[in-house]
Structures are given as structure tokens and as C-alpha cells.
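Just so you know, these numbers come straight off a predicted model, no measurement behind them. These numbers come from the heavy atoms of this one structure, side chains and all, not from hydrogens, waters or symmetry mates.
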Amino acid sequence: MDFIKGMDVSTLIEEEACGAKYYDHGEQGDMLEILKRYGCNSVRLRLWNDPYDENGNPYGAGTNDLEKTIVLSKRAKDLGMSVLLDYHYSDFWADPGKQYAPTEWARKSVDEKAGMIREYTRTSLDEILAAGADVAMVQIGNEINNGMCGCHDTADVMTLLQAASEIVRDVSASQEREISIAVHYTQVDDAAGTLRRAKELADYGIDYDIFGISYYPYWHGTMENMVNVLSEIKDTYGVDTCILETAYVYTAEDGDSFGNSVAGDDALEGYPATVQGQAKCIRDIMAAAKDAGALGVFYWEGAWVPVGSDYDTNKVLWETYGSGWASSYSVAYDPLDAGEYYGGCSWDNQAMFDFNGKVLPSLNVFKWVNYGATAPLEVIWYKDVYLECGMGEELTMPETVEVYYNDPSETGGVSAEWDMADVEAVDTRVAGVYTVNGTAQDGTSLSATVKVMNVNYVKNPGFDDVETSVWEVTDRGAGDATDIQTKAADALSGEKAFHFYSTSEIDFDLEQSVDGLPAGSFAAVANIQGGDVGSAANIYLYVEINGERYESEAAVLAGWQKWQVMQITDIPVEAGDSAVIGIHVSAQAKGWGTIDDVEFYNQIFE
């Protein structure tokens with residue numbers, strides 16, 4: 001068997017639905033074809049039973065149901081790539097921290113669950129094979145250190161594993177296919193615990209072929225320990241081993257405004273958070289796996305890239321298509337984790353494509369790892385230049401651009417010259433996005449993306465700052481209807497929002513005064529969501545300036561997380577003016593809602 005150089009691509013369909021595109025040397029292409037070209041020979045696909053809420057809304061992270069798994073497995077087969085099928089036996093994420101049973105199985109006994117695993121595994125695996133997929137390996141459970149399918153007792157877990165194994169063997173025989181069975185654990189840094197789990201599998205007589213692990217070097221100890229543990233398992237129990245998940249950072253930056261699971265500060269000595277650092281780390285993990293006699297390595301979600309141009313766009317895509325790690329709809333199934341911290345992709349700085357979908361040179365490790373090579377020092381990648389400039393500010397282009405070398409110990413930048421005609425074409429009086437072309441000192445063509453940003457003159461616009469005295473509330477209702485609430489699910493961005501609810505009639509104004517404004521034509525925006533406000537409710541945004549009052553159209557609240565935008569445009573402002581930005585809410589008793597992300601910005605500088 002060839003050494004496995006695999007990639008988990010479970011989010012691919014959702015990424016494509018959101019408009020993500022992948023490029024190799026400037027040419028857009030199919031992501032799987034690009035992986036094949038760079039030496040990947042297998043893909044890993046997770047499978048969830050029913051990753052949707054009762055209304056059919058997606059839980060996110062690819063929403064990997066059987067239909068999507070079949071589509072991806074067929075695409076892989078057409079390219080000559082084998083499939084590792086990763087059964088979670090859950091409706092959503094299964095890992096050491098949570099092993100929820102599928103909703104329909106939740107209240108069943110362990111024997112009933114074993115029967116359901118048999119039926120589900122047989123039916124789904126038959127369908128995937130009937131579609132023509134080349135399933136080379138089936139993983140029964142995902143990171144099952146602390147349980148599986150809602151069971152946590154060791155004997156119960158072994159009952160479930162044996163049930164799954166029996167069916168994979170039956171299907172393999174009936175289809176006359178060679179399908180290996182993998183059991184998957186993590187936390188190999190706990191050597192004694194990992195060896196104990198291997199012994200338990202042997203003691204209970206579990207029929208399997210591959211002891212699989214997750215190995216993330218910033219969490220799971222040294223490569224030396226990993227090699228020793230896998231070698232001992234292979235030698236003691238006569239089973240193969242495989243690294244079923246690994247990854248490494250190529251940058252400390254965040255591509256989708258959601259935050260990263262692994263920060264630049266987590267980078268290990270000798271493996272900086274750069275493209276070359278990523279390549280060297282994965283090369284060394286592959287070499288360590290080879291030393292341990294392992295079958296190969298699967299990189300985890302190397303193509304999970306940002307999907308939108310900004311946070312607000314991303315947020316809609318995460319909810320609509322499930323392209324983030326979890327959507328808000330997952331709250332009913334996983335209220336303590338996904339339902340609380342749902343949102344975007346925290347893995348984009350560990351992809352092997354940059355934030356714009358362009359192949360990173362580190363992807364070459366999948367084909368170059370087979371050959372030893374020494375090369376002279378050279379630049380292998382020019383980092384994309386992205387600048388933000390506030391409206392009315394002076395644009396200054398960088399004198400150097402950051403580059404990555406084929407030696408990770410080399411750092412720094414190279415000189416750049418920018419096309420002055422492009423620079424002068426950037427109109428900093430108006431918000432927009434511009435491209436400025438340039439040339440590096442070695443003649444390489446460069447381009448910089450310049451985003452002219454609105455300057456928001458509202459302080460603490462999202463209510464996330466500790467200092468809230470900039471906002472003043474005039475409450476004319478019978479009860480104390482307002483507060484600043486910490487609950488991400490009720491905020492448009494961040495963790496907090498301005499909240500209102502009362503058992504009595506609601507009538508208040510929320511205001512902020514801003515001073516020293518520049519001359520221009522201003523716009524005001526506020527976002528609101530809520531419900532039960534009554535047909536006589538009156539909710540609107542207003543601005544008072546120079547004795548004039550400007551009001552938005554009344555907002556009609558349509559329910560939870562159905563955000564409405566209140567907006568006023570073309571407000572004339574003279575230099576030095578002061579303004580009051582406010583939101584008026586009057587509603588019936590038991591009306592509720594939250595207000596977030598209030599803006600007052602200059603549309604066009606005079």
C-alpha cells in the first residue's frame with residue numbers, strides 16, 4: 001500500500017455553495033483536482049446522521065449528511081482518490097469533550113444503540129459503495145477517548161464498536177471489497193492512557209485493523225513520544241496505525257473575524273507560523289509516521305477558507321449554508337458548546353490555501369516528501385498585501401512586502417515599488433475597495449488590496465466595551481425595561497447587545513452625543529431584532545443636528561435573529577458640528593428585542 005497522504009475535505013460542498021474559489025498558479029480549479037495534482041491520494045469525509053434542526057436548518061461545519069458524503073466520495077473516485085469514511089455516530093461533532101447520540105437514538109439502551117449502529121452503517125455504507133466510491137477505510141467513531149454515541153462505560157463502548165465492526169466486515173465481504181476498519185483516539189501525549197486503550201480493544205476482542213490517532217503538535221506532545229507509542233501498539237497488538245488528523249498554522253492572522261483555534265503564539269520552536277514553518281512541520285510529522293511504521297497521515301480540513309468579504313457577509317453564509325464550525329441552529333442539539341459559541345471557521349490559518357483560496361507552497365509537501373532535496377535560499381511566496389485606510393486619512397503604501405523563504409529561519413521583507421497612478425486613483429473620500437499594482441525588487445509582480453473604511457463616530461457601537469456611560473437611556477415606561485445583555489446568540493456581533501423586555505408597556509429612547517464632526521454627508525445605521533412588540537409599536541432610528549431631526553422608517557420586528565436595519569442617509573454636517581444619534585422604542589408589554597452595531601459615518605468627505 002502506498003503511504004497515505006490524505007486530506008479531510010468535509011466542508012468542501014458548503015464552501016463552494018458560499019462562493020469559495022480555489023486557485024493554483026492564478027488559475028481557478030476544482031479543489032480536489034488541485035489536491036490530486038499536489039500529491040494527495042486519499043480524502044477523509046465525516047458523516048453525521050441528521051445534522052439539521054426540526055425545521056431543516058443546518059447545524060454547520062459542512063452539514064455532512066449522507067447525500068453530501070456520497071457526492072464528495074464520487075468526486076474523489078473520479079480522480080482516483082480513495083476515501084476514509086469517518087462515522088461520528090452523532091448528529092454533529094463528536095470528540096473527547098462530547099459524544100452525543102443522534103437525536104433519534106438518545107434514549108435507547110446500549111443494545112438498542114448497537115442495533116441502530118448496525119442498521120445505519122449497513123444502509124449508508126451500501127449506498128456510498130453503490131454510488132461507486134472507493135472506500136478504503138471506515139472509521140467507527142471519532143476521537144472516542146471518553147465515550148461514543150452517548151455511552152461512556154468502557155464495556156458499552158466496546159459493544160458499540162463490535163457492532164459497527166461486524167457490519168463493515170459483512171458489507172466488505174458481500175461487496176468483495178477490501179475495507180480496513182479504524183478505531184480513532186486522540187491525546188497521544190498521554191502515552192499510558194493511549195496504550196491502555198489499545199489493550200482494552202485487544203481484551204474485548206474488537207475486530208479492527210488500524211489504531212488511529214489525532215496528532216496536533218501544539219497539543220499532543222513530541223513527535224518522539226508519538227512514534228514510540230504507535231510503534232509499541234503496532235509491535236504489541238499486530239495492528240496497523242495511522243495519523244487520522246493533523247494540521248499546523250501558516251499565519252497568525254485571522255481570515256474571517258471569528259478567531260482562531262491556534263494562535264501565532266502557539267507556534268512551536270523550529271516551526272514558525274509561516275508557510276515554510278507549516279511545510280516543515282507537516283513534513284516532519286510524515287517522516288515521524290513513517291518511522292513509526294504508520295500507514296500515513298491525513299491533514300485536517302486544509303481547504304477550509306473564509307467564505308465572504310467581511311464579517312456581516314460571512315455571518316449570513318455561516319447560518320444559511322453551514323460553512324462555519326457551527327450555526328445557531330445547533331443550540332437544541334449541543335447547547336453548551338456549538339449552541340453557545342457558534343460562528344465562523346477557526347481553522348482558516350491552518351489551511352493550505354490562503355484566505356483568498358490560492359494554493360500555498362506548503363501544499364507541495366504532499367508530493368515532495370517522497371524525495372530528499374536541498375535547494376539554494378529563495379523566496380517561495382509573497383504574502384498578499386491588504387491595507388485599510390479610514391475615510392479622509394492619507395494613504396501610505398508599504399515600502400516592503402513580507403515574503404516567505406524555503407528556509408524558515410530566514411525572515412523579513414523585500415522592497416516594493418507601487419504604481420503611482422493606481423495609488424492616486426484611490427479616493428479616500430469615499431468608502432470602497434481598490435487594487436494597487438506594484439513590483440518587488442526581483443521583478444515579481446505584486447498587487448495590494450486597499451479598503452477605504454467608513455469611520456464610525458459612535459463610541460462603543462456594539463455595547464461590548466466596559467465603559468457604557470456614553471449611552472444614555474430615557475425610560476418613560478412603567479418598568480425597568482433595558483439592560484446590556486451578554487449573550488452572543490442575541491448579538492449581531494461580539495458577545496453583548498442592548499436588550500429590552502418588560503412585563504409592562506415599553507417606552508424608551510437610547511441616545512449618544514457625538515462632537516467635533518468633520519464636514520460631509522453622513523449616514524446613520526442601527527440593527528435590531530426581536531418580537532411580540534404589538535401592532536402599535538413604534539421603533540425607529542433618529543439623528544438630531546443643527547435643530548433638525550431626521551428619522552428612519554419604522555422597523556417591523558420579525559422574530560429572533562431576524563435582524564432589521566434602520567438607516568438614514570444624506571445628513572448634512574458642517575465641520576465641528578455635534579449630533580445626537582438615538583433609537584426610539586415603544587411597544588406593548590412583553591415585547592422584547594436587542595439593538596446592536598450602531599453607526600454614524602461620513603458617506604462623502606467635503
Give a yes or no on whether [X] atom [atom1] has more than 12 heavy-atom contacts from other residues, nucleotides or ligands under 6.0 Å away.
X      : atom1 : value
Glu505 : CD    : no
Gln567 : CD    : yes
Glu551 : CD    : yes
Gln28  : CD    : yes
Tyr540 : OH    : yes
Glu574 : CD    : no
Lys459 : NZ    : no

For [X] and [Y], does a side-chain donor sit closer than 3.5 Å to a side-chain acceptor?
X      : Y      : value
Tyr216 : Asp266 : no
Asp490 : Gln485 : yes
Thr594 : Gln529 : yes
Asp507 : Ser586 : no
Ser328 : Glu319 : yes
Asp597 : Asn527 : no

| Trace of the ring pair (Phe, Tyr, Trp, His ring centres under 6.0 Å) decision for Tyr386 with Phe355 | CA-CA 11 Å; Tyr386 181 85; Phe355 296 156; 9.9 Å; no
| Residues Asn260, Phe258; criterion side chain to side chain contact (heavy atoms under 4.5 Å, CB included); working and verdict | CA-CA 7 Å; Asn260 297 327; Phe258 180 71; over 6 Å; no
Calculate, to the nearest 0.5 Å, the distance between atoms [atom1] and [atom2] belonging to [X] and [Y] respectively.
X      : Y      : atom1 : atom2 : answer
Thr69  : Asn64  : OG1   : CG    : 5.5 Å
Asp337 : Lys98  : CG    : NZ    : 4.0 Å
Leu32  : Leu72  : CG    : CG    : 7.0 Å
Tyr100 : Leu336 : OH    : CG    : 5.0 Å
Ser330 : Glu340 : OG    : CD    : 10.5 Å
Lys315 : Leu492 : NZ    : CG    : 5.0 Å

Within the structure provided, determine whether [X] and [Y] are in side-chain contact (heavy-atom separation under 4.5 Å).
X      : Y      : value
Ser513 : Val580 : yes
Val331 : Asp53  : no
Phe522 : Val543 : no
Gln603 : Asp570 : yes
Leu557 : Ile528 : yes
Leu363 : Leu35  : yes
Arg75  : Leu12  : yes
Asn57  : Ser327 : no

| Parallel, tilted or perpendicular: which fits the ring planes of Phe508 and Phe498, with parallel below 30° and perpendicular above 60°? |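 Tilted.
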| task | Look at the rings of Trp93 and His88 and say which category their plane angle falls in: under 30° parallel, 30 to 60° tilted, over 60° perpendicular. | result |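 Rings of Trp93 and His88: tilted, 30 to 60°.
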When you measure from the side chain of [X] to the backbone of [Y], do you find a donor-acceptor pair of N or O atoms at a distance under 3.5 Å?
X      : Y      : value
Asp596 : Ala497 : no
Tyr299 : Tyr248 : yes
Gln561 : Ala489 : yes
Ser362 : Met352 : no
Asp50  : Pro102 : no
Asn356 : Lys358 : no
Gln441 : Val414 : no
Asn349 : Val262 : yes
Asp419 : Gly438 : no
Trp418 : Leu446 : no

| request: For Val433 and Thr449, run side chain to side chain contact (heavy atoms under 4.5 Å, CB included): C-alpha distance rounded to whole Å, both residues' side-chain angles, the deciding distance at 0.1 Å, then the answer. | output: CA-CA 7 Å; Val433 179; Thr449 300; 3.7 Å; yes
| Passing option when Glu301 is tested against Arg46, Arg44, Gln350 for side chain to side chain donor-acceptor pair (under 3.5 Å) |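 Per the side chain to side chain donor-acceptor pair (under 3.5 Å) rule, the option paired with Glu301 is Arg46, out of Arg46, Arg44, Gln350.
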Exercise: identify the closest heavy-atom pair between [X] and [Y]:
X      : Y      : value
Leu360 : Gln278 : CD1-OE1, 4.0 Å
Ser323 : Val307 : OG-CG2, 3.7 Å
Ser552 : Met566 : OG-CB, 3.8 Å
Tyr382 : Ala440 : CE2-CB, 3.7 Å
Leu387 : Thr396 : CD1-O, 4.1 Å
Asn602 : Ala519 : ND2-O, 3.2 Å

| query | Which pairs with one or both residues in residues 9-29 pass ring pair (Phe, Tyr, Trp, His ring centres under 6.0 Å), sequence neighbours excluded? | reply |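 Output for this query lists Tyr22-Phe353.
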| Checking side chain to side chain contact (heavy atoms under 4.5 Å, CB included) for the pair Tyr321/Thr63: CA distance, chi angles, key distance, verdict? | CA-CA 8 Å; Tyr321 297 103; Thr63 315; over 6 Å; no
| query | Step by step, would you call Arg476 with Asp509 a side chain to side chain contact (heavy atoms under 4.5 Å, CB included)? | reply | CA-CA 8 Å; Arg476 293 176 290 271; Asp509 289 332; 3.1 Å; yes
| request: May I ask you to decide whether Lys451 forms a salt bridge with Glu388, counting only side-chain N to carboxylate O separations under 4.0 Å? | output: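 Not counted as a salt bridge, because no side-chain N and carboxylate O are separated by less than 4.0 Å.
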| message | Quick test of your reading of the model: are Lys496 and Asp465 salt-bridged, counting only N-O distances below 4.0 Å? | response |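 No.
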| Among Phe92, Tyr333, Tyr59, the one residue meeting ring-ring contact (aromatic ring centres under 6.0 Å, His included) with Trp48 |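 Among Phe92, Tyr333, Tyr59, the one meeting ring-ring contact (aromatic ring centres under 6.0 Å, His included) with Trp48 is Phe92.
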| task | Quick one: do Phe463 and Trp471 satisfy ring pair (Phe, Tyr, Trp, His ring centres under 6.0 Å)? Show the steps, please. | result | CA-CA 9 Å; Phe463 307 95; Trp471 289 103; 5.1 Å; yes
